[in-house]
Amino acid sequence: MSWDHGYFSASSYTSGVYRELAPVWLDFAGLLKGHQPPRAHEGEAFAYLELGSGMGLGLCLLATAYPEGRFTGIDFQPDHIVHSRRLAQQLGLSNISFQEADFLSLAADPGPLAAAHQYVVAHGIATWITAPIQQAMLQLASAALQPGGIFYCSYNTFPGWLGASAFQHLGELTRHHQADASAAKAFQQAAASLSGLLGSEESPSALALAQPALRRRLAQVPNQNAAYLLQEYANEGWQPLYVAELHQRCAAHKLRFHASATLPENFLDLLPANVRPAVLAETDPALRQSLQDLAINQSFRRDLFLRGVAASTDSELRQRLASVNLRLQEAPSTDSISFETSFGQVTGVPERYQQVEACLANGPRSFGQVLEDTGLQLAELAKILSLLIHAGRIGLDRCAYADYERARHVNEQLLTMIRSGRAYTHLVTPASGGNVGFSLVEVLLLEGQRRQLGGSELEQHLLDGLKSLGRSIKGEPAPLLNAFAERQPRLQALGVLP
């Protein structure tokens, strides 16, 4: 087998950014299920390793938001490493490095990586690589973690991906039998062929009846980013797993499942009422996780594993949880409280959620202070905050340790890159230790404002800027201007914009 071990290496990956990879988020998710974070306190120095760091944008944003951290990205694709190193240099980051390496060789000899990290993460890698590479990745993750450290691993799961397996199989078959066709075209052709086997909405075929979600998934293919389409499906090792399968493989490397970085999934009482009793009746943790995934047709998990658990008393855990700082993030006023989760739509009692947000209206507060001010029970407050954080209305605050000048410099560099046509869509939020989405439209509007344009002049500046990059918008630009004007104060409060 070639150097890529069957992974699709003919093109680079997209520049994705994932909020759940932030250390402060990982710590909070672990605390929800009773694990003391690997750092004694927020702001303490730490080491962070990303396996399969891709284009490096997400890791660079974290290195900006956490100047006390030391970040290392590992990827075997040379194009990814070239891009990542150049980006880190352009952003002026000195606490980050990128290494071109293979999981197999590093697992055999981790060298200075061994037992050196409080956090190891692998986003979207495990179920896209062949079995030997997957085993090497898990072995390396375990070897690189300090005892008590957190390993984040996200992956595609059954039963949610059962329908897509037919499309992936046909796409790979088409790609190998039509050597003259581009890889993206082969998968688009496979989607068209498979769609022809579904019958109509009124008279569905046997396949459509067996896989009711397949029609919707295939309809998305023509509009999907080609780089994503190929990196998602064009790998020889593409193989979603049932949750118990991956948990068993991790356990073989001393990595014990602990919690979900998808925060609402840590509260099983949020499951739909028609499946909740059957899941809660199971006392075995592994079987319960399996029943949970089957009940909701789970398709993607963000799991946290521990390499050793430090025993703590309930009092010690409550004390640490009480010290977690919180802040409003992007929370426009709303009369209804409803959250989209993997468990379905969750609706809360508006008064309780609004009460929590009101506590933070005048600035950051600790979990303990909000607990005292609201009079809520700890478990209930933890669930409410998890849903608000999941929805992006509340953030985990670390403004006491933020380097706003450093973040401002990095964000200005990113604005320039986005304006030049780079497909980046996020900026650093130093106040919350994370990131926030920021579009090309918003970059152009900000640029126009700085030129003191307004009204029709600002609208025309937006349209001209998009046209220069081969882009356009549907409809009138005025609503975009209004939405950005409403959003700006919140971005300024987070330290995103000056």
Side-chain angles (χ1 to χ4, degrees), residues 17-20 22 24-25 28 57-58 61-62 64-66 263 324-340 348 350 353-367 369-370 373 384-415 418-419 424-450 453-454 458 462 477-498:
V17 176
Y18 310 100
R19 60 182 184 170
E20 293 86 0
V24 68
W25 187 294
F28 183 70
L57 176 62
L61 296 185
L62 289 177
T64 302
Y66 296 82
L263 300 179
V324 172
N325 288 317
L326 308 154
R327 65 177 301 117
L328 287 181
Q329 185 134 308
E330 295 206 60
S333 60
T334 178
D335 295 327
S336 63
I337 297 295
S338 183
F339 305 95
E340 294 296 331
Y353 290 82
Q354 292 162 357
Q355 181 186 20
V356 170
E357 290 187 347
C359 289
L360 303 172
N362 295 322
R365 304 272 283 173
S366 72
F367 185 107
Q369 289 171 324
V370 175
D373 291 347
I384 288 173
L385 288 172
S386 294
L387 286 165
L388 289 170
I389 293 170
H390 175 75
R393 297 184 63 83
I394 282 180
L396 296 159
D397 178 74
R398 52 171 275 117
C399 60
Y401 308 99
D403 187 335
Y404 287 93
E405 183 177 350
R406 168 191 174 102
R408 189 177 303 117
H409 168 76
V410 165
N411 282 341
E412 288 296 329
Q413 295 297 313
L414 290 171
L415 290 172
I418 296 171
R419 178 65 179 88
Y424 302 153
T425 56
H426 290 79
L427 299 177
V428 179
T429 54
S432 62
N435 59 78
V436 66
F438 205 78
S439 68
L440 173 60
V441 166
E442 292 173 310
V443 170
L444 291 168
L445 291 176
L446 181 62
E447 180 184 68
Q449 286 181 349
R450 290 176 173 179
L453 302 178
L458 184 56
L462 169 62
L480 299 175
L481 273 65
N482 295 335
F484 183 58
E486 182 181 348
R487 192 184 186 207
Q488 271 184 291
R490 299 194 295 271
L491 296 177
Q492 290 167 339
L494 290 167
V496 178
L497 299 178

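Fair warning: this is a prediction, and the values are worked out from it, not measured in the lab. Position 1 is the first residue of the sequence, and the numbers go up from there.
- Atom OG in Ser432 sits 4.0 Å away from atom CD in Gln329 (nearest 0.5 Å).
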Quiz prompt | Trace of the side-chain contact (heavy atoms from CB on, under 4.5 Å) decision for Trp25 with Ile389 | solution = CA-CA 9 Å; Trp25 187 294; Ile389 293 170; 3.5 Å; yes

Practice problem: Test side-chain contact (heavy atoms from CB on, under 4.5 Å) on Glu447 and Leu415 and set out the steps. | Solution: CA-CA 9 Å; Glu447 180 184 68; Leu415 290 172; over 6 Å; no

Quiz prompt | side-chain contact (heavy atoms from CB on, under 4.5 Å) assessment of Leu388 paired with Leu326 | solution = CA-CA 11 Å; Leu388 289 170; Leu326 308 154; over 6 Å; no

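- Remark: Glu357 engages Arg393 in a side chain to side chain donor-acceptor pair (under 3.5 Å) (not counting sequence neighbours).
- Distance check: Gln369 CD to Asn325 CG gives 7.5 Å after rounding to the nearest 0.5 Å.
- Nearest approach of Ser386 to Phe28, heavy atoms of both residues: OG-CE2, 3.9 Å.
- Annotation for Cys359 and Asp373: closest pair SG-CB, 3.8 Å, computed over non-hydrogen atoms.
- Rounded to the nearest 0.5 Å, atoms CZ (Arg327) and CG (Leu396) are 11.0 Å apart.
- Expressed to the nearest 0.5 Å, how far CG of Asn411 lies from CG of Leu61 amounts to 8.0 Å.
- The side-chain contact (heavy atoms from CB on, under 4.5 Å) test applied to Ala402 returns Tyr404, Pro430, not counting sequence neighbours.
- By the salt bridge (charged side-chain N to carboxylate O under 4.0 Å, His left out) test, Glu412 pairs with Arg450, sequence neighbours left out.
- In this view, Leu491 and Glu330, Val436, Phe438, Arg487, Val496, Leu497 satisfy the side-chain contact (heavy atoms from CB on, under 4.5 Å) rule, not counting sequence neighbours.
- Distance check: Asp403 CG to Thr64 OG1 gives 9.5 Å after rounding to the nearest 0.5 Å.
- Side chain of Tyr66 to backbone of Gly433: a donor-acceptor contact under 3.5 angstrom is found.
- Open room surrounds CG on Asn362; 12 or fewer heavy atoms of other groups in view lie less than 6.0 Å from it.
- Side-chain contact check for Leu385 versus Leu263: every heavy-atom pair is 4.5 Å or farther apart.
- At a threshold of 4.5 Å between non-hydrogen side-chain atoms, the residues Ile394 and Leu328 count as touching.
- With hydrogens and angles disregarded, no donor-acceptor distance shorter than 3.5 Å links the side chain of Gln488 to the backbone of Ala485.
- Interatomic distance, CG of Leu446 versus CG of Leu462, reported as 12.5 Å (0.5 Å rounding).
- Considering only residues two or more places apart in sequence or on other chains, Phe367 meets the ring-ring contact (aromatic ring centres under 6.0 Å, His included) condition with none of them.
- A donor-acceptor pair under 3.5 Å links the side-chain atoms of Thr429 to the main chain of Gly434, judged by distance alone.
- Across all their heavy atoms, Ala431 and Ala493 have their closest contact at CB-O, 4.4 Å.
- The side-chain heavy atoms of Thr425 and Val17, taken from C-beta on, include no pair separated by under 4.5 Å.
- Arg19 pairs by the salt bridge (charged side-chain N to carboxylate O under 4.0 Å, His left out) definition with nothing, not counting sequence neighbours.
- The minimum heavy-atom distance between Ala65 and Val428, with the atom names listed, is CB-CG1, 4.0 Å.
- The two atoms that bring Arg490 and Ala331 nearest to each other are CD-N, 3.8 Å, heavy atoms only.
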